[in-house]
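All remarks here apply to the structure that follows.
Since the structure is predicted, the reported quantities are computational estimates derived from the model, not experimental observations. All chains are named by letter (A, B, ...) in the order of the sequence lines, taking the proteins before the strands, and each is independently numbered beginning at 1.
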Amino acid sequence: MIENDAFGLIYTGDANMQLRELTFSRSVAAVQFGGRYRAIDFMLSDLVNTGITNVGLIAQRNYHSLMDHLESGKEWDLHRKRDGLFILPPFVTHDNTGVYKGTVDAIRSCRGYIRRSSQRYVVLTGSHTIYNCTYSDMLRQHIETGADITIMYNTEPPFDRAEQYDDLRLTLDDDGRITDLALNPSKTKVTNCSCDAFIMEKTLLEYLVEDAAAHAQFDFMRDVLVKNVNRLKMYGWRYDGYVARLNSISAYYRHNMDVLKKEVSDDLFNREHPIYTKVKDEVPAKYVGSGTAKNSVVADGCVIEGLVERSVLFRGVHIAPGAVVRNCIIMQASEIGDDSSLEYMILDKGVTVKSGRRLAGHSSYPVILRKGTVV
Amino acid sequence: MPKKKVVAMLLAGGQGSRLGVLTKSMAKPAVPFGGKYRIIDFPLSNCVNSDIDTVGVLTQYEPLALNAYLGSGQPWDLDRNNGGVFVLPPYVSGSSGSWYSGTANAVYQNIPFIEQYDPEYVLILSGDHIYKMNYAEMLRFHIKKNADATIAVLTVPMSEASRFGIMNTDDDDAIIEFEEKPKQPKSNKASMGIYIFSWSVLHSYLAADEKDITSQHDFGKNVIPALIRGGKRLYAYAFSGYWKDVGTIASLWEANMDLLGRRPAFNLYDKEWRIYSKSAVMPPHYAGEDSDIADSMLTEGCEVHGKVRKSVLYAGVKVGHGADIADSIVMHNAIIGDGAVIRKAIIGEGAVIGDNAVIGDVRTDGDGDYDTALTGDITLIANTVRVANGGRVPVGMIVKEDLGGAV
């Protein structure tokens with residue numbers, strides 16, 4: 001099986017400042033999504049559902065909550081004797097300060113893991129692009145085309161400047177070969193946008209990062225991909241499913257809200273290849289008294305005594321009687337006091353809104369309350 | 001093997017024939033409960049929360065569902081290097097070996113399992129009750145009383161005492177007499193079927209009971225009375241709290257309803273005493289634009305577009321537009337069609353109710369004669385049964401096979 005001839009390498013060092021408060025205390029990979037998940041659940045499940053059983057995860061900063069979430073990897077069936085999940089935190093050696101100068105440096109620092117991996121191909125991904133897709137077809141295409149590097153992409157209209165983050169645009173010829181790559185281009189017309197997933201032979205990856213580092217170049221996208229577009233045979237592999245890029249707070253808000261749409265939810269939570277996550281043993285959600293929810297996603301452990309509309313409630317949220325919550329994302333274990341009202345808010349974990357408070361953002365600018373805030 | 005202070009033996013052999021079609025292909029402990037649990041999750045979680053990490057599950061009826069469910073024991077933290085959860089079916093050894101002939105015989109046949117751990121105490125549990133209980137406290141009581149056997153008892157209304165095994169005790173909680181379903185009860189301390197024995201005492205009584213050809217090899221009927229006759233120290237440990245035998249359709253339905261409301265009769269939202277279960281890998285539930293949900297419990301994988309009142313929806317249930325469900329239990333992955341009406345019913349796992357079907361409809365003369373002895377006024381649709389579009393099932397009926405044409 002070709003699936004078993006690949007290993008996964010996930011870079012979780014993304015430092016997207018545009019996610020503001022959400023990434024103050026956690027890496028992008030650990031950001032919550034869709035009522036019970038974290039971004040990393042999608043990357044890991046995609047690899048596991050492909051049949052890949054060897055996954056390296058490069059941790060860089062703020063990775064405590066990520067480690068807490070992953071544990072031994074058993075929820076993803078990656079707690080194994082042969083291969084499994086390898087968390088690769090930074091460490092200090094004579095030629096490594098422990099602080100990576102960029103993605104190239106980060107990949108290079110785990111060359112021991114890469115060398116020991118017995119598989120021929122590597123699926124390299126970032127941690128801020130969410131989708132539910134296996135890599136089998138992409139891997140097959142990679143082998144058939146004889147490509148050096150295959151880049152997964154989808155159709156995405158150009159972003160505003162404020163929403164650009166690792167925005168890699170692909171220009172393809174009729175055969176799907178990449179003729180040009182542009183990173184964070186301004187005023188581009190190219191709609192082929194990289195999904196932050198790359199396949200190549202591991203020996204090529206090893207060579208490319210060593211070569212880039214030797215030339216004091218440290219950004220994988222800019223220095224390895226963009227600069228080598230004419231030297232290497234790169235192909236695009238088109239994905240037509242739903243893709244959520246956690247580029248900014250408004251993108252984060254929009255994509256969470258998209259989960260309320262049936263077609264998005266059926267795509268992201270496809271029963272054929274489920275998204276695995278850490279099990280919390282919460283009780284089912286309960287509706288009490290006049291409490292009700294409409295057009296909302298509600299996780300287990302929630303107790304709803306007020307009114308919830310067009311919102312995403314993570315596990316263990318309590319909505320007290322008389323509270324009205326509309327167009328909100330409320331993360332784990334937040335308490336919404338009675339007769340309060342919330343609109344267009346993002347509440348991070350464990351936020352308490354006392355009774356009678358009125359809080360509102362705007363559809364174009366949802367307001368975030370940091371983890372543990374008491375209002 | 002390192003010694004264990006306590007080994008728990010969970011009697012999961014019950015066929016649960018009074019649960020009718022719900023136990024057609026699974027033992028009673030594997031019957032789903034409360035949205036995401038199975039009955040056996042309660043004694044298992046109680047064990048783990050009481051720091052008891054070695055549990056033998058004695059089963060001989062339809063073990064597949066139970067075996068598949070328990071797996072390595074990981075969801076209950078019972079995948080241990082030393083100890084853990086073990087399914088113990090009857091087996092043949094040499095030319096001997098037989099089915100379990102009674103609860104005591106089941107434990108007797110597994111003496112080698114218990115002896116591996118050289119325990120001081122053995123906790124006997126049954127797999128058909130819903131409750132939260134700290135067995136460690138019961139063990140402390142057993143040790144404090146220097147007892148040979150301790151039986152957990154629940155105070156029941158005097159009027160109902162004749163339905164239970166009743167313990168008559170002295171002022172110090174010592175058991176002086178045990179009466180199985182007495183016509184004239186002298187006390188209202190009902191046995192909960194939870195026993196702690198000092199292992200050396202139980203071992204000898206099990207061996208003696210096995211030799212007694214008149215014995216039915218049952219804990220309640222034979223072993224406990226023999227201990228009392230033998231002058232052993234038996235104590236009644238009073239438990240106060242929710243405890244329900246879910247051995248009947250009505251009690252299973254009631255126990256689910258007991259989870260609902262602001263102050264439920266049985267509270268699962270207790271972070272100190274979590275009930276663990278094997279979770280389905282499903283997204284959070286979705287309440288649709290046209291949904292109207294109140295006074296209910298829903299869990300992961302549910303998708304609701306209709307009206308739901310005072311009901312418990314298990315994982316992966318789909319409720320169509322305009323459907324109307326009240327006072328009902330809908331088990332895993334059942335599909336309720338658009339416009340279907342469900343009244344006071346139990347819908348089995350994977351059942352499909354067609355559009356505009358009516359389940360639990362008022363009985364009319366045209367419905368003919370059917371047996372409601374098991375169900376009373378609760379309508380029961382068996383697992384994976386399909387009821388056709390526009391189909392109708394009158395109150396109290398049990399539907400075991402597909403009803404009507406296409407769905």
Side-chain angles (χ1 to χ4, degrees), chain A residues 33-37 41 45 72 74-77 79 132 259-262 265-266 268-271 273-305 308-318 321 333, chain B residues 34-37 41 45 48 72 74-77 79 256 259-264 266-271 274-305 307-317 333:
Chain A
F33 187 83
R36 71 176 291 206
Y37 305 94
D41 295 336
S45 301
S72 64
K74 71 175 179 333
E75 307 288 4
W76 298 268
D77 249 356
H79 177 56
N132 182 349
V259 172
L260 301 179
K261 297 175 190 156
K262 183 163 168 56
S265 157
D266 284 349
L268 277 181
F269 306 119
N270 183 345
R271 283 195 183 193
H273 19 98
I275 303 300
Y276 300 91
T277 186
K278 185 176 176 178
V279 168
K280 294 271 174 67
D281 289 286
E282 288 284 1
V283 186
K286 184 152 87 166
Y287 294 85
V288 176
S290 57
T292 197
K294 280 189 199 305
N295 196 11
S296 294
V297 163
V298 180
D300 276 5
C302 289
V303 177
I304 300 178
E305 303 187 70
V308 179
E309 283 182 1
R310 291 184 302 283
S311 295
V312 177
L313 268 49
F314 286 69
R315 292 186 269 214
V317 170
H318 178 219
Chain B
K36 63 187 294 189
Y37 307 97
D41 288 331
S45 300
V48 174
S72 68
Q74 183 268 322
W76 303 270
D77 254 355
D79 51 337
N256 273 280
L259 301 170
L260 301 177
R262 185 163 282 133
R263 282 181 194 79
F266 186 45
N267 186 15
L268 289 172
Y269 296 79
D270 180 355
K271 295 237 185 318
R274 267 184 209 271
I275 304 302
Y276 303 98
S277 68
K278 194 167 181 172
S279 278
V281 182
M282 289 184 180
H285 82 254
Y286 175 66
E289 184 79 65
D290 306 321
S291 70
D292 176 9
I293 308 168
D295 279 322
S296 295
M297 257 170 93
L298 278 78
T299 188
E300 281 148 358
C302 289
E303 188 181 317
V304 177
H305 299 286
K307 182 174 171 181
V308 180
R309 288 284 181 281
K310 286 197 187 303
S311 294
V312 181
L313 271 49
Y314 293 34
V317 168
N333 299 316

In terms of heavy-atom pairs under 4.5 Å with chain B, which of [options] leads?
| options | result |
| --- | --- |
| A/G35, A/A285, A/A299 | A/A285 |
| A/L313, A/V303, A/V259, A/L260 | A/L260 |
| A/P274, A/S296, A/C302, A/G289 | A/S296 |
| A/N295, A/I304, A/T277 | A/N295 |
| A/T292, A/I275, A/V298, A/V288 | A/V298 |
| A/R310, A/E282, A/K74 | A/E282 |

Find the one option among [options] whose heavy-atom pairs under 4.5 Å with chain A are most numerous.
| options | value |
| --- | --- |
| B/C302, B/G316, B/S291 | B/S291 |
| B/G34, B/P75, B/S296, B/A294 | B/S296 |
| B/P264, B/G288, B/A315, B/G301 | B/G288 |
| B/G35, B/S277, B/P284 | B/P284 |
| B/V312, B/V308, B/L313, B/T299 | B/T299 |

Less than 4.5 Å to any heavy atom of chain A: does that hold for the side chain of [X], its backbone, both, or neither?
| X | result |
| --- | --- |
| B/S279 | side chain |
| B/Y37 | side chain |
| B/I275 | backbone |

So which heavy atom on [X] is nearest to which on [Y], and how close?
| X | Y | result |
| --- | --- | --- |
| A/Y287 | B/A287 | OH-CB, 4.1 Å |
| B/P283 | A/Y37 | CA-OH, 3.1 Å |
| B/N333 | A/R271 | OD1-NH1, 3.6 Å |
| A/P321 | B/R262 | CG-NH2, 3.6 Å |
| B/Y269 | A/K286 | OH-CB, 3.1 Å |

- Region of A/V297 in contact with chain B, defined by heavy-atom distances below 4.5 Å: both
- Considering only heavy atoms, which portion of A/F314 lies under 4.5 Å from any heavy atom of chain B: side chain, backbone, both, or neither? neither
Atom [atom1] in [X], atom [atom2] in [Y]: separation rounded to 0.5 Å?
| X | Y | atom1 | atom2 | value |
| --- | --- | --- | --- | --- |
| A/R36 | B/M282 | CZ | CE | 10.0 Å |
| A/K294 | B/D292 | NZ | CG | 5.0 Å |
| B/E289 | A/K262 | CD | NZ | 14.5 Å |

- How about A/S265 and B/E303: do any of their side-chain heavy atoms sit closer than 4.5 Å? no
- Under the criterion side chain to side chain contact (heavy atoms under 4.5 Å, CB included), which of B/K36, B/M297, B/R274 is the partner of A/V283? B/M297
- Message: Counting only heavy atoms not in B/K310 (residues, nucleotides, ligands), do more than 12 fall under 6.0 Å from its NZ?
- Response: no
